[in-house]
Chemist: 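Sharing a structure with you now.
Protein chains get the first letters and strands the later ones, always in sequence-line order, with residue 1 at the start of each. A quick note: this is a predicted structure, and the numbers were derived from the prediction, not measured.
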Amino acid sequence: MDYTQLLAEVQEDGSFPGREEAEALVVSVLMAMAEVLPGPQLDALASQLPPEATVYLRRTRSQPDPLFDSHLFLGWVVSTLDATGARDKTVGGLDLTAAYSGEEAIRRMRCVFSALKRRLEPAQQRELVAVLPEEVGGWFLEA
Amino acid sequence: MVTRLDPKLFDATSEITWCAGCGDFAILKALKLALADLSIEPHQALVVSGIGCGSKLPDYMTINGFMTIHGRPLPVATAAKLANPDLHVVVVNGDGDSYGIGGNHFVQSCRRNPNITQIVENNQIYGLTKGQYSPTSDKGFVTTTSPDGAIELAFNPMSVALAAGATFIARAFAGEPKHLAQLIGEGIQHRGYALIDVLQPCVTFNRINTYDWYRKRIYHLEEEAYDPTDREAAWQKAHEWEERIPLGVLYRTDELPTYEDQVPTLADGSPVSRIIELSRNPRPQQYESLKEGFL
């Protein structure tokens, strides 16, 4: 398993201009998964990924928060999108980044899920979907 | 035994306009869960908010709601509690609304000790107005209004609340909604003013204090040998930031009376119940007596 290959797949799938952007996305999705997956599923996923990726699957809490949902999951990904930062991009009070960040985050998340699915057996994929927040599981299946 | 309600009882049909991934979603969910766990029905509670992204929250719940002008939810909430002490009154507002525009009300509420719960959605930025630095933004924080970095020191709500006499001071993280719901529940059950400062990432405008940033720093006081009734220990914890950030109840005391306990006219019953009684059995002189009790 090659970390570089994983990033290259995500970069190509998402049409990202740079490797750094793809890596930031992969890291954010893996960290969100670490927040929500129970121990056995987390270990199973880690066993299929290159060591450079598994470091992001570490969770500080012993158990996932049962109320962690798709909104929180998205939060980890949206934080990596290019946003206004110190610049004001608002148009008449509407911030375009904010308005479309959810759709873009889901599109990007699917790129990572797609790369992960190539590394997981169908049974492992089904196990993951069963423990992901419902909407996130749906995005994983669609990827 | 308290019968737990279904949190869906508090669901509303309004379209939620928060950004995808906003920490406010977790706060909304945790508040519904806390109320349901305490078996508080929608008609038994009032949520008061100010102005800001998070202050839209009452509109996203089936509950009594009051959206006040900027910075003023605490006095409105105190008045509602005085009028009807049987009501569970919860204030939900952002760090700008609470600690900036409403800063004086925040300090006065800490020392008055009304039996209300305040949940502050502390994202360290003004989100609704598109990303200006707020009272809790760290020094050096770059925004549209601080292009060279904020030059002020950040407002520390924990230490200010402690110094001003608050009787329940807690801190939670929106990335841990179950823990947040537990703290909200404890705050609602506390007799007196309860502050729950919620560290809540603004995923669009605050790219420093992200879920990951908090995850690397937070720890739980419940998992340490920590006594929340120790005021000096609380003072130490209130100043922890940057490297390690404590979550949980920093300080609590049940030894002080509430504001309502000390208002003499409430000894004759709540104004709301007395007005209802008077509307059924009108006696003009009783209206005057009721008004005089508050003058």
Chemist: Looking at B:E243, I'd like to know if its CD atom is crowded, meaning that more than 12 non-hydrogen atoms belonging to other residues, nucleotides or ligands lie closer than 6.0 Å.
Modeler: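 Counting other residues, nucleotides and ligands, CD of B:E243 stays at 12 neighbours or fewer.
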Chemist: Roughly how far, to the nearest 0.5 Å, is CG of B:N209 from OG of A:S79?
Modeler: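 Interatomic distance, A:S79 OG to B:N209 CG, rounded to 0.5 Å: 10.5 Å.
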Chemist: State the NE2-CD1 distance between A:H71 and B:I16, to the nearest 0.5 angstrom.
Modeler: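 It comes to 6.5 Å.
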Chemist: When you look at CD of A:E12, are more than 12 heavy atoms from neighbouring residues, nucleotides or ligands closer to it than 6.0 Å?
Modeler: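 12 or below, so no.
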Chemist: Is chain A contacted by the side chain of B:L33, its backbone, both, or neither, given a heavy-atom distance below 4.5 Å?
Modeler: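 Side chain of B:L33 only, per the 4.5 Å heavy-atom cut-off to chain A.
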Chemist: Quick check on A:E121: does its CD atom have over 12 non-hydrogen neighbours (other residues, nucleotides or ligands) under 6.0 Å away?
Modeler: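 No, the 6.0 Å shell around CD holds no more than 12 heavy atoms from other groups.
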Chemist: Restricting to salt bridge (Lys or Arg N to Asp or Glu O under 4.0 Å), what partner residues turn up for B:K56, sequence neighbours left out?
Modeler: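 If we apply the salt bridge (Lys or Arg N to Asp or Glu O under 4.0 Å) test to B:K56, skipping adjacent residues, there are no hits.
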Chemist: State, yes or no, whether a side-chain contact exists between A:W76 and B:V203 at a heavy-atom distance under 4.5 Å.
Modeler: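 Answer no - side chains too far apart.
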Chemist: Given the options B:G21, B:A181, B:G175, B:A30, which has more heavy-atom pairs under 4.5 Å with chain A than any of the others?
Modeler: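 Most pairs with chain A among the choices: B:G21.
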Chemist: Is B:K29 close to chain A through its backbone or its side chain, or both, or neither, when contacts mean heavy atoms under 4.5 Å?
Modeler: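 Only the side chain of B:K29 comes within 4.5 Å of chain A.
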Chemist: Within residues 25-35 of chain A, which positions have a heavy-atom distance to chain B below 4.5 Å?
Modeler: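 Expected list: A:M31, A:E35.
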Chemist: Please classify the contact of B:F25 with chain A as side chain, backbone, both or neither, using a heavy-atom distance under 4.5 Å.
Modeler: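 Answer is side chain: those atoms of B:F25 sit under 4.5 Å from chain A.
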Chemist: Return yes when atom CD of B:E15 has more than 12 non-hydrogen atoms of other residues, nucleotides or ligands closer than 6.0 Å, and no otherwise.
Modeler: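 Count not over threshold, so no.
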Chemist: Between B:P177, B:A20, B:S146, B:C19, who has the most heavy-atom pairs with chain A when the cutoff is under 4.5 Å?
Modeler: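 Heavy-atom pair counts peak at B:P177.
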Chemist: Heavy-atom cut-off 4.5 Å, strictly under: side chain, backbone, both or neither for B:H179 against chain A?
Modeler: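 Answer is backbone: N, CA, C or O of B:H179 sit under 4.5 Å from chain A.
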Chemist: At under 4.5 Å between heavy atoms, what parts of residues 92-99 of chain B are in contact with chain A? List them by residue number.
Modeler: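 Expected list: none.
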Chemist: Atom NZ of residue position A:K117 - does it have more than 12 heavy atoms of other residues, nucleotides or ligands inside 6.0 Å?
Modeler: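 Yes - once you tally the heavy atoms of other residues, nucleotides and ligands closer than 6.0 Å, there are more than 12.
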Chemist: Measure the CZ-CD distance between A:F68 and B:E176 for me, rounded to the nearest 0.5 Å.
Modeler: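 The distance works out to 10.0 Å.
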Chemist: Can you tell me if A:E142 has over 12 outside heavy atoms packed within less than 6.0 Å of its CD?
Modeler: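 Atom CD in A:E142 is packed in, count exceeds 12.
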Chemist: For A:R58, does the CZ atom have more than 12 heavy-atom neighbours from other residues, nucleotides or ligands under 6.0 Å away?
Modeler: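 Open: at most 12 neighbouring heavy atoms sit under 6.0 Å from CZ of A:R58.
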Chemist: If I take atom CG from residue A:L67 and atom NZ from residue B:K32, how far apart are they, to the nearest 0.5 angstrom?
Modeler: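 NZ of B:K32 is found 12.0 Å from CG of A:L67.
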Chemist: Listed by chain and number, what are the salt bridge (Lys or Arg N to Asp or Glu O under 4.0 Å) partners of A:R118, not counting sequence neighbours?
Modeler: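 With sequence neighbours excluded, A:R118 shows a salt bridge (Lys or Arg N to Asp or Glu O under 4.0 Å) to A:E9, given in chain and number order.
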Chemist: Which bit of B:A174 is near chain A, if near means a heavy-atom gap under 4.5 Å: side chain, backbone, both or neither?
Modeler: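 It is the backbone, since no side chain atom gets that close.
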